[in-house]
Amino acid sequence: MADVLTYVLHYEGQFNKNSLGAVSEGAARAQEIGGECHAVVVGGDDLTDELCQTLGTYGAKKVFRAKGPEGLAQPVVDVMAKVIDEGGHGYALFGGGLLGFEIGAGLAARKHAGVTMEVIAVKAQDGKLVAERPILQDSKISVSRYQGDLGIIIGRINAFELREGESAPAEVVDVEIEYSPWSTKASMVQRGEQRGADVDIEGADILVAGGRGLGKAEGFELAEALAKAFGDNAAVAATRAVVDAGWYPYAAQIGQTGKTVSPKLYLAVGISGAIQHKVGMQSSENIVAINKDANAPIFEFSDLGIVGDLNKIMPKLTDAIKAKKGG
Ligand SMILES: Cc1cc2nc3c(=O)[nH]c(=O)nc-3n(C[C@H](O)[C@H](O)[C@H](O)COP(=O)(O)OP(=O)(O)OC[C@H]3O[C@@H](n4cnc5c(N)ncnc54)[C@H](O)[C@@H]3O)c2cc1C
C-alpha cells in the first residue's frame, strides 16, 4: 500500500488541466495499490478552502496547502519533500510540462529517488506502480520499476486523462513550511503572456500549427485568423524551424525539443512532418495537413491531406469556418 502525491498548478483561481489529469491518474492508480492520492498546492489567499476541496472531484483525498510563491519549482520541492517525509508517500506523480519536469527533477535529487520522464501510462503490478515511456523516437515502450521508498513519475503533457466523478470534497491540510535559503532566491517578477502563448496550447482542443511554408513571420497571421475563427478552444502552434527563425515564440513549439500535445484536431499548415516534429503531435485525435508538396512526409501520418498552396486555401477555410459558425 502506498499513497501517491501530486502537485497541482493554479493561476487566477483555476487549476491547470494537465495537473488535474495527474490527480485523476494518481487517484486511479493509488486505488489499485490500496493507497490514496493527495495533492500539494502552493500559493496565496486565492487558494481558498472551497477551491482546494474541489480537487476531491478528481479523486484527491487530501490537499496539502502551503503559503508560498506559485509557479516556481524550488519552493514546491520543499513542500513536497516535507509532505513525503511526514506522510511516507510511495510515489510522486506530475502531469509534465516545464514546471512539472523541474519540480520532479528537483524532488528526485532531494530525495535520492528514481525518476521516469515522458511517461504515457502508469500501471499497477504486484502492489507497485510501473511507468511506461516511449523510447527510440517513440518506436518502443520501456517499462520502469522503482527501487527504494519513493518513485517519481513525470508524464508527458496531457498524457493522463482528466476524470471527474468523485463527490467527496478533499480534506484541506495546511502545511507550515520553512523554505530552504536557495528556494527563496528566485521570485516571480512578472507572469506575462507572449504572442502565440496567450492561449494554453497544451490545453487547446484545436491547434493550427504553422511551419516554414508560411513564408515569413507575418504569414502566421493566416494561422491566427484561422484559430480565431475556430473559437476560444483553438490556438496556434509552430515548428522549430520557424521558432529558430524568430517567426514565432518558443512557447508554441511542438516536437522533440518543444511541447507534446494531443488535441482533438491538429491542422498542420506548411509543415513537412520531420520526425522531431511528429513525436510532439502524433497522438492528436485527428491530423489534417495542408502542403503544396504531395510527397511531404506529413501526409504519411495525416487523417486528411490537402495538396495545395496554403495562401489560397487558408483564407477560404477561415471564411468557411466563420460562415459555419454564423459570424
Ligand atoms: C535535435 C533536433 C531536435 C529538433 N526538434 C524539433 C522540434 O521540437 N520541433 C520541430 O518542429 N522540429 C524540430 N527539429 C527540426 C526538424 O528536423 C525540422 O527541421 C523542422 O520540423 C522543419 O520545420 P518545417 O516543417 O516548418 O519546415 P520545412 O521542413 O522546411 O517544411 C516546410 C513545408 O512547407 C511546405 N510549403 C512551402 N510553401 C508552401 C505553400 N505555399 N503552401 C503549402 N505548403 C507549403 C513545403 O512543401 C514543406 O513541406 C529538430 C531537429 C533536430 C536535429
Side-chain angles (χ1 to χ4, degrees), residues 18 96-102 117-118 120 133-139 154-159 194-197 199-202 204 206-227 229 235-263 265-284 287-321:
N18 189 39
L98 292 178
L99 191 61
F101 280 123
E102 210 179 331
M117 307 176 91
E118 293 277 326
I120 55 163
R133 68 175 290 245
I135 53 167
L136 301 173
Q137 294 190 326
D138 287 4
S139 61
I154 306 177
R156 266 195 185 174
I157 285 279
N158 296 333
Q194 54 182 316
R195 182 171 170 254
V199 184
D200 173 16
I201 67 165
E202 287 134 314
I206 300 173
L207 282 179
V208 180
R212 202 151 29 193
L214 285 169
K216 52 184 184 238
E218 291 70 32
F220 267 88
E221 286 164 15
L222 286 174
E224 286 174 346
L226 181 52
V236 174
T239 65
R240 177 167 166 178
V242 300
V243 171
D244 286 352
W247 297 359
Y248 222 64
Y250 173 70
Q253 185 182 314
I254 306 297
Q256 187 182 321
T257 44
K259 288 178 177 153
T260 302
V261 291
S262 48
L265 172 63
Y266 193 89
L267 183 54
V269 291
I271 293 178
S272 60
I275 179 71
Q276 296 90 353
H277 187 77
K278 183 183 172 192
V279 295
M281 46 67 80
Q282 62 189 350
S283 56
S284 304
I287 299 171
V288 176
I290 303 174
N291 199 303
K292 68 178 183 183
D293 176 6
N295 295 315
I298 188 95
F299 290 132
E300 290 167 19
F301 50 93
S302 295
D303 299 292
L304 176 68
I306 302 164
V307 181
D309 183 353
L310 63 86
N311 295 300
K312 291 186 183 148
I313 297 167
M314 286 182 72
K316 286 188 181 154
L317 190 55
T318 304
D319 287 345
I321 286 162

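Note that ligands are numbered from 1 as they come in the structure, with each ligand's atoms numbered from 1 the same way.
- Put simply, part of G258 is less than 4.0 Å from ligand 1, judged by heavy atoms.
- Of all atoms in ligand 1, listed by their number and element, those nearer than 4.0 Å to a heavy atom of D293 are 47 (O).
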TODO: Go through the steps for I254 and M281 under the test side chain to side chain contact (heavy atoms under 4.5 Å, CB included), then give the verdict.
DONE: CA-CA 7 Å; I254 306 297; M281 46 67 80; 3.9 Å; yes
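- No donor-acceptor distance shorter than 3.5 angstrom exists from the side chain of R156 to the backbone of I120, with no hydrogens or angles considered.
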Open item on the list: Test side chain to side chain contact (heavy atoms under 4.5 Å, CB included) on R212 and T239; report intermediate values, then the result.
Closed with: CA-CA 8 Å; R212 202 151 29 193; T239 65; 5.6 Å; no
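- Closest heavy-atom approach to atom 7 (C) of ligand 1 within the set Q253, K292, K312, H277: this belongs to Q253.
- Residues V288 and I306 have side chains in contact (heavy-atom distance under 4.5 Å, counting atoms from C-beta outward).
- When T257, T239, I313, V243 are checked for heavy-atom proximity to atom 6 (C) of ligand 1, T257 turns out nearest.
- Counting only heavy atoms of the protein, atom 22 (C) of ligand 1 lies nearest to A241 CB, 3.9 Å.
- The closest approach between any non-hydrogen atom of G308 and ligand 1 is below 4.0 Å.
- The side-chain heavy atoms of N311 and L222, taken from C-beta on, include a pair separated by under 4.5 Å.
- Summarising the geometry of I321 relative to A229, their closest heavy-atom pair is CG2-O, 3.7 Å, with the distance given to 0.1 Å.
- Close approach to S272 involves these atoms of ligand 1, each under 4.0 Å from a residue heavy atom: 25 (O), 28 (P), 29 (O), 31 (O), 33 (C), 49 (O).
- Atom 30 (O) of ligand 1 has as its closest protein heavy atom R212 NE, 2.9 Å.
- From the protein, the heavy atom lying nearest to atom 47 (O) of ligand 1 is N291 OD1, 2.7 Å.
- Residues Q253 and Y248 form no side-chain contact, since every pair of their non-hydrogen atoms from C-beta on lies 4.5 Å or further apart.
- The presence of a protein heavy atom under 4.0 Å from atom 44 (N) of ligand 1 is confirmed.
- Looking only at protein heavy atoms, the nearest one to atom 3 (C) of ligand 1 is R240 NH1, 3.0 Å.
- A pairwise comparison of heavy atoms in L214 and M314 identifies CD2-SD, 4.3 Å as the closest pair.
- Inter-residue side-chain proximity for V269 and I313 is flagged as unmet; no heavy-atom pair is nearer than 4.5 Å.
- Here's the thing with G211: none of its N/O atoms is less than 3.5 angstrom from an N/O atom of ligand 1.
- Here the CD1 atom belonging to I154 is positioned 10.5 Å from the CZ atom belonging to R133, to the nearest 0.5 angstrom.
- Numbered from 1 in the order shown, with element, the atoms of ligand 1 that lie under 4.0 Å from a heavy atom of N311 read 41 (N).
- In this structure, atom 21 (O) of ligand 1 lies nearest to the protein heavy atom A274 CB, 3.8 Å.
- Of all protein heavy atoms, the one lying nearest to atom 42 (N) of ligand 1 is L310 N, 2.9 Å.
- From the protein, the heavy atom lying nearest to atom 36 (N) of ligand 1 is G213 CA, 3.6 Å.
- Here is the list of ligand 1 atoms found below 4.0 Å of a heavy atom in G255: 7 (C), 8 (O), 9 (N).
- With L310 as the fixed residue, the side chain to side chain contact (heavy atoms under 4.5 Å, CB included) test singles out one of I290, L317, N291: I290.
- The shortest N or O to N or O distance between A296 and ligand 1 is not below 3.5 Å.
- Shortest contact from atom 33 (C) of ligand 1 to any protein heavy atom: G270 O, 3.3 Å.
- In this structure, K316 NZ and L226 CG are separated by 14.5 Å, a value rounded to the nearest 0.5 Å.
- When heavy-atom distances to ligand 1 are checked against a 4.0 Å cut-off, I254 comes that close only through its backbone atoms N, CA, C and O.
- Shown in contact with D309 at under 4.0 Å from a heavy atom are these atoms of ligand 1, numbered in order with element: 40 (C), 41 (N), 42 (N).
- For the pair I287 and S302, the minimum side-chain heavy-atom distance is below 4.5 Å.
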